[in-house]
Number of protein chains: 2
Amino acid sequence: MQPRRATIADVAARANVSSATVSRALAGNYPVAKDTRERIEAAVSALGYVVNAQARALAGQATRTVGIIIQEIVDPFYAFVARGVEQEAAVTGRLCLVCCTHGDPRQELAFIDLLHEQRADAVILVGGAISDKRHAGEIMARGASLRQHGGLLIHCGRATPSADIAAVEYDNEGGAFAATDHLITNGHTRILYLGGPRRMSTSADRLAGYKRALSSRNLPFDPDLVRLGAFGQPFGHTGMLEALDAGLDFTAVFAANDSTAIGAYAALSSRGLRVPEDISMVGYDDIPAARLLKPELTTVHVPLEEMGRQAVRLAAAHADGYGGGDIRLGTHLVLRDSVSAPRRKKR
Amino acid sequence: MQPRRATIADVAARANVSSATVSRALAGNYPVAKDTRERIEAAVSALGYVVNAQARALAGQATRTVGIIIQEIVDPFYAFVARGVEQEAAVTGRLCLVCCTHGDPRQELAFIDLLHEQRADAVILVGGAISDKRHAGEIMARGASLRQHGGLLIHCGRATPSADIAAVEYDNEGGAFAATDHLITNGHTRILYLGGPRRMSTSADRLAGYKRALSSRNLPFDPDLVRLGAFGQPFGHTGMLEALDAGLDFTAVFAANDSTAIGAYAALSSRGLRVPEDISMVGYDDIPAARLLKPELTTVHVPLEEMGRQAVRLAAAHADGYGGGDIRLGTHLVLRDSVSAPRRKKR
DNA sequence: CCGAATTCAGTAAGCGCTTGCTATCGGTTG
DNA sequence: CAACCGATAGCAAGCGCTTACTGAATTCGG
């Protein structure tokens, strides 16, 4: 049906040279006489020739491809990391494959395999993982296999269980510490920790920071003030409502991430409670929506894009044979308007 | 350095069969004795064999890949389309390459070429384009080339200038008409049209809907009430401020998209004006942030994800030889809280 | 004016996988 | 009992491109 796609041989024939010469003229990595080059270029455009990346890759060139595996492309947390990856990939002349697991760990494994088959220079795994021994084992095996074959598995903001897996981390626990400490500094002593899945490293680290802040100020840790469930608006809403209905005594809430805070805001407002007059709140991640909230949300900034960029740099370094070590980026609290001193004489 | 990557030949040797048999056992599209299959599977895992997608593609298999070209991955408008594409791609067993142009038309062309080289089944171009004859010509040429080679260029929410380019559109003008009409129904006669780049089809269509609504109600069109500039929060903010400072007489604003509306909200609030008591507002796109605003934004819903899905279906149909026609989806107004009747005796 | 360096082009051997065709073998038929 | 058949397996020809090697001009130092 379609006219057979032009190959390098067709171009060569039309330009009266050998295919080797065409290849070299196209790659530009070998001297080719100007006259010859022009004839080749003419033939290329006359034929509408488009090189076949597959064939090129097969014949020994690197694929110049990185894969990124995230949960959700519309979730700003992942989107920003992806943007960093995409940016840096473009800068280093690579293509970027984006895969979304929608939270399914098996998908995660399947995508790693897929990207391995695609001979991606690196596959970047973003975000916390459920803490599951078996799954971690599967991941490790793939990390080893990838590395053995010249590729690289990179964890981005996820605990790294193996030397075969590179990592770009951020100071998750430290951010949580800072956030909690800020609340304490403002006079809060009863702080609700709201949201985040139970068995996920990201959650666990944030909770750890919260606890450490409490204890470093000699405040008691009250397990009742920890309401775990999930990241995200829905849980933020219901979780907040439940905390309120349970008659818990608290003057501030540390939301496990900004989305959770958004849900919590709504819940509070539906009960006629104001932020920060009645309840102070801090979030985590510093997604753009944090500034859309009224009052604007005080939250912990995570260098999402930069993490993505660093991951690709790691990949590039690895591909070039430099063995860069793991990377750890800082987080910091962004002060906005959702925190104030607790009301006197609460009740 | 690394142990040479195992090939199908290695597996074949270890399993005492020919590479053809291994290939067939792996593909599962040809009878292979159970015993043989098992030996092959054992060899595969013993060797840690991973098929080479490049070689497979070269040897005649389709690449099962779609490419999507968007401006910005963190912009919800694009992210939702991308999500639809990604979802449907996953369902049909395809890989999805995401490329971001950051608004540079040359990047757009470069990415089309890149994806063509990758032999993507389809390349999906999302969002309005600047209206530039020359650029449109370049795109058309690539659309033709792609189609000639068995691929397909698909425009998603962008005017389609050529029969070689497939399209998934949405009723952009109709949505704008509905939004404006809604404002008029609520008693507004002086409506500010705010935002959107000058020479972009998306902008133009929305403005056209605005004008048609006006004229269908016999209201005069006042060019002063049209403030074009760009999509996005920054312009929404400055544009709104300028309109206010110019002493323009209006009681409602139709923001070219939700981001613009977000900026406009902020500008209004910084001048002590309330929505909708002082000024009513409608947006366009219905991104999640529209519900984060207070009051929640009345806006036009665009079936972003569905557009992405449809685009991939179109691609799949094309790859299978069915020539599906272009697709056009509807839009509808989502009523929330940002519109009310204009204040009596304005001044 | 000669051997050596330099420039440019061609030959051909793969890269790893799929697949059309052929070959083998233990039954089936009529 | 011979012609056949279905189920399996192997052979070998590519898919389109890169890249050692080689070879032939051309240029250049001395």
Side-chain angles (χ1 to χ4, degrees), chain A residues 2-41 43-44 47-65 114 116-120 149-151, chain B residues 2-41 43-44 47-65 114 116-120 149-151:
Chain A
Q2 295 116 22
R4 191 177 55 74
R5 197 187 273 280
T7 71
I8 217 176
D10 301 325
V11 176
R14 193 174 224 272
N16 267 312
V17 293
S18 73
S19 65
T21 305
V22 175
S23 170
R24 296 199 266 247
L26 260 30
N29 54 7
Y30 196 83
V32 170
K34 187 170 179 217
D35 171 56
T36 315
R37 185 196 315 288
E38 281 166 1
R39 250 181 311 130
I40 290 176
E41 274 159 12
V44 164
L47 261 35
Y49 169 75
V50 177
V51 320
N52 182 323
Q54 266 74 39
R56 173 173 285 181
L58 218 212
Q61 305 276 277
T63 56
R64 309 234 73 173
T65 292
L114 189 65
H116 191 167
E117 289 177 8
Q118 295 290 332
R119 300 295 184 259
H149 293 344
Chain B
Q2 295 116 20
R4 190 179 57 74
R5 195 189 275 278
T7 71
I8 216 175
D10 301 325
V11 176
R14 192 173 224 272
N16 267 311
V17 294
S18 74
S19 66
T21 303
V22 174
S23 169
R24 296 199 264 246
L26 260 31
N29 54 7
Y30 195 86
V32 170
K34 187 165 180 223
D35 171 58
T36 315
R37 186 194 317 287
E38 280 166 3
R39 250 181 309 133
I40 292 177
E41 273 157 14
V44 164
L47 261 34
Y49 169 75
V50 177
V51 320
N52 182 324
Q54 266 75 38
R56 173 172 284 182
L58 217 215
Q61 302 278 278
T63 56
R64 307 234 81 187
T65 292
L114 188 65
H116 190 166
E117 290 177 7
Q118 295 290 333
R119 300 293 185 261
H149 293 346

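Quick note on labels: first sequence line is chain A, next is B, and so on, each numbered from 1.
- Contacts of A:R39 classified as side chain to side chain contact (heavy atoms under 4.5 Å, CB included), with partners at least two apart in sequence or in another chain: A:A15, A:N16, A:V17, A:D35, A:T36.
- At its two ends the helix from C:dC1-D:dG30 to C:dG30-D:dC1 runs along axes set 30° apart, each axis drawn from five pairs and the angle rounded to 10°.
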*Would B:T65 and B:R119 count as a side-chain contact (heavy atoms from CB on, under 4.5 Å) if you check the C-alpha gap in whole Å, the side-chain angles of each, and the deciding distance to 0.1 Å?*
CA-CA 8 Å; B:T65 292; B:R119 300 293 185 261; over 6 Å; no
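- Of all the heavy atoms in B:H116 and A:V50, the pair that sits closest is CE1-CG2, 3.6 Å.
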*Report the C-alpha distance between A:Q118 and B:Q54 in whole Å, list the side-chain angles of each, state the deciding distance to 0.1 Å, and finish with yes or no for side-chain contact (heavy atoms from CB on, under 4.5 Å).*
CA-CA 7 Å; A:Q118 295 290 332; B:Q54 266 75 38; 4.0 Å; yes
*For nucleotides 16-21 of chain C, just jot down a letter per nucleotide in 5' to 3' order: B, S or -, based on protein non-hydrogen atoms under 4.0 Å.*
BBBBB-
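- No side-chain heavy atom of B:R14 sits under 4.5 Å from any side-chain heavy atom of B:V11.
- Looking at every heavy atom in both residues, B:I40 comes nearest to B:V22 through CD1-CA, 3.9 Å.
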*Under the side-chain contact (heavy atoms from CB on, under 4.5 Å) criterion, do A:S23 and A:L26 qualify, and how do the steps go?*
CA-CA 5 Å; A:S23 170; A:L26 260 30; 5.9 Å; no
